[in-house]
A.B. asks: 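One structure coming up, written as structure tokens, with questions to follow.
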Amino acid sequence: MTLFSLAKKNIKTNTKQYMLYFYPMVFSIVIYFTFVSLQYNNQISESATVLGKVQPAFMSASVLLLLFSAIFIWYSNDFFIRKRKKEVALYSLFGMRKKQIARLLFYENLIMGCVALGIGMAIGALLSKLFAMLLIKLMGFSIIANFEVAPEAIIQTLIVFMAIIVVTSFHNYRIIYRYTLLDLLKADKQGEKQLKASKLAALGSLFALGIGYYLLLQPSNTTIYKEYGFTVVLFSLFMILIGSFLFIRSVFSVLLEIVMKMGGAYYKGTNLISVSHLRFRMKGNMLILAMIALLSTVTLFALGAIFSLHHNLTTIVEEQNPLSLMYTSQNTETDKQIATLINDSGEHQIIFSDRVEYLQVEGDLSETKRWPDQFPIILLSENEYHRLAKKMGNNEIEGIGKDQAIVFNDGNMNQNTDPYTGKSISIMDHHVRIQKYEEKMLLNQTYYAFPVVINDTLYRQLKKHAIVKEMQLYKLKNDKSMDTLMKAIENAALKDINGHPIIFSSFFLQYQKGVQTYGLLIFIGAFLGIVFLLATGSMLHYKQLTEAIADQGRYQVLKNIGMSRKQIQVTIAKQLLPVFLLPLVLAIPNSSFLITALARFSKMNMLLPFLSTIAIYMTIYFIYYLITLRKYYTIVNQ
């Protein structure tokens, strides 16, 4: 019998054992193939007309997805091989050379990998339409998803996972040469050193976390942020990083030491066994728990922020685009055509419309540090501003001084700072000082012109030497559902511009862009979040099951001296719970302070989406805990 035939026979006769590694591999392939199928889905790419190309976003996310999939497979493979070390040792006792054993493991991994690729890609192809429908729904497309499997997705998945399979196969190959026969027979009997508790390090961790949290919650207009800027944020994140690592290393150990000194609690029931196990296993779990805590912090913060942006989408777009439509008037005929289109639409009644005169000029905005040196400016007179502000329900401003101006919110995410008042801008050789900054927007946000209001006298003076234009403005009902109407308006307003720059902006187009952007972010974020949970959860899962294999003998002794199965299960539950809770004990407050800082910075309500994210995260981790508890109990009772 050849080694390849023996490898196939081993897989057939020990299917249940091999499934521990096979299932994670298939699942990773399903997730990855489904994702890259969407990356190359022409229907989605062609529909994202407002957003633009979506492939770069998928491509960046697929790199992270690849890393998490690799970690997931690596840990499941490592557990699988560790569980088989005694079997490998028996092969040696039966006379097989190390080279033959290594080749046998290599063939087994290669066979399982190829079968997993076939099954995973088949399931992924079937699921691709379901996920395409979900993405289309999230991005607000009014199309029916087609069944589409791109050849590029097949090739990319084959290359990626064949590389992972080959790497893990060589890893298994090397294990045989790394250990002696005695090492393989006693691999699970190697003890771990107890982690020493340091009260100084515990206090240091709490101090570092406190400093990080304190700096994050400082308003952006405080002295420290004005002097050091984003460096303060980086320093606070560094302190949270250091504090989190020290917390895992020291605080939990100190707490265990305190419990040991509490005789009543320590000697009650099976607590002695659970606490002792944790003290000796904590050193081996420290690095992985710290990494999971920090990665969980990033995931909770990122998903909470994305869900919050989607939740507040309408409010954000309404603030940045108070008008349903605004465009530079080209001629009377086009204006009448657009007015007719709006009137004939029926459902989009006019709340108000206006026509505003403005000067198209360029100004030096370098002192504001928000715009380039020379940038287009929409220059409005004070009289026009008051008339428009009254219609829009904005606050009217008492007299604008000579050589002074009013500016408006430019879409800056930082809503706690006034970046303009007191600074000067230069317009047509006139230096104008900014008298006031209005947090509300006067016109729709546009990245191609900056609106400025000056007093009537200066406006008339500059008007003699500037290009005078008019802007048509509309506020309509039901401006979220203007798809058909907006296409007709765009065709009318943009058909004869002849290369001349004009301003054209609508609430609907920005809302559609927001729906597509945040829908895509939610889909990618949730996808990566699922894979990340699997990757980090599998790290804990397989680490604890590896310890379960090592603890089989110890639990056998406990059973021999009279401990019941129920007591053993309670003991295992107590020793596993802190391991699964500790990353969340750190990740939840860390991400909470980060999301609070972002919410205060942007003046956005993020509480409900963030709490929902935490609830989902904790639920999935709890399920992982229950699965690990059940498998751990099964292993120690074998």
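In this text the structure is predicted, and so the values were computed from the model without any measurement. Position 1 is the first residue of the sequence, and the numbers go up from there.
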A.B. asks: Any donor-acceptor pair under 3.5 Å linking the side chain of Asn478 with the backbone of Glu347?
C.D. replies: yes
A.B. asks: Grab the two heavy atoms, one from Ala573 and one from Tyr625, that are nearest each other, plus how far apart they are.
C.D. replies: O-OH, 2.9 Å
A.B. asks: Regarding Tyr617 and Ser296, do their side chains bring together a donor and an acceptor under 3.5 Å, going by distance alone?
C.D. replies: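 Yes, because at least one side-chain N or O of Tyr617 sits under 3.5 Å from a partner of the opposite role on Ser296.
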A.B. asks: Would you find a donor on one side and an acceptor on the other, under 3.5 Å apart, between the side chain of Ser591 and the backbone of Thr297?
C.D. replies: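 Not confirmed, Ser591 side chain does not pair with Thr297 backbone.
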A.B. asks: Rounded to the nearest 0.5 Å, what's the gap from CD1 on Ile572 to OH on Tyr633? Could you check?
C.D. replies: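 The distance works out to 7.5 Å.
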A.B. asks: Minimum heavy-atom separation for Pro589 and Leu584, please, with both atom names.
C.D. replies: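 Answer, listing the atom of Pro589 first, then Leu584: CD-O, 3.9 Å.
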A.B. asks: Any idea which heavy atoms bring Gly304 and Ile595 closest together, and the distance?
C.D. replies: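 Taking Gly304 first and Ile595 second, the nearest heavy atoms are C-CD1, 3.9 Å.
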A.B. asks: If you look at every heavy atom in Phe247 and Leu582, which pair is closest and at what distance?
C.D. replies: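 Answer, listing the atom of Phe247 first, then Leu582: CE2-CD1, 4.0 Å.
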A.B. asks: Taking the side chain as everything from C-beta on, heavy atoms only, tell me whether Lys513 gets closer than 4.5 Å to Val317.
C.D. replies: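 Lys513 does not reach Val317 side chain to side chain.
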A.B. asks: Taking the six-membered ring for Trp, is the centroid-to-centroid distance between Phe610 and Phe307 below 6.0 Å?
C.D. replies: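 No, ring centres 6.0 Å or more apart.
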A.B. asks: Evaluate ring-ring contact (aromatic ring centres under 6.0 Å, His included) for Phe580 paired with Tyr624, printing each intermediate quantity in order.
C.D. replies: CA-CA 9 Å; Phe580 278 86; Tyr624 250 119; 7.2 Å; no
A.B. asks: For the OG atom of Ser128 and the OH atom of Tyr40, what is their distance to the nearest 0.5 Å?
C.D. replies: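 Here the rounded value is 15.0 Å.
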A.B. asks: Give a yes-or-no answer on whether the side chains of Glu318 and Tyr511 include a donor-acceptor pair shorter than 3.5 Å.
C.D. replies: no
A.B. asks: What distance separates Ser481 OG from Gln512 CD, expressed to the nearest 0.5 Å?
C.D. replies: 9.5 Å
A.B. asks: Any chance the side chains of Asn590 and Ser244 put a donor and an acceptor closer than 3.5 Å?
C.D. replies: yes
A.B. asks: Side chains of His348 and Asp479, heavy atoms from C-beta outward: is any pair under 4.5 Å?
C.D. replies: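 The answer is no; the side chains never approach within 4.5 Å.
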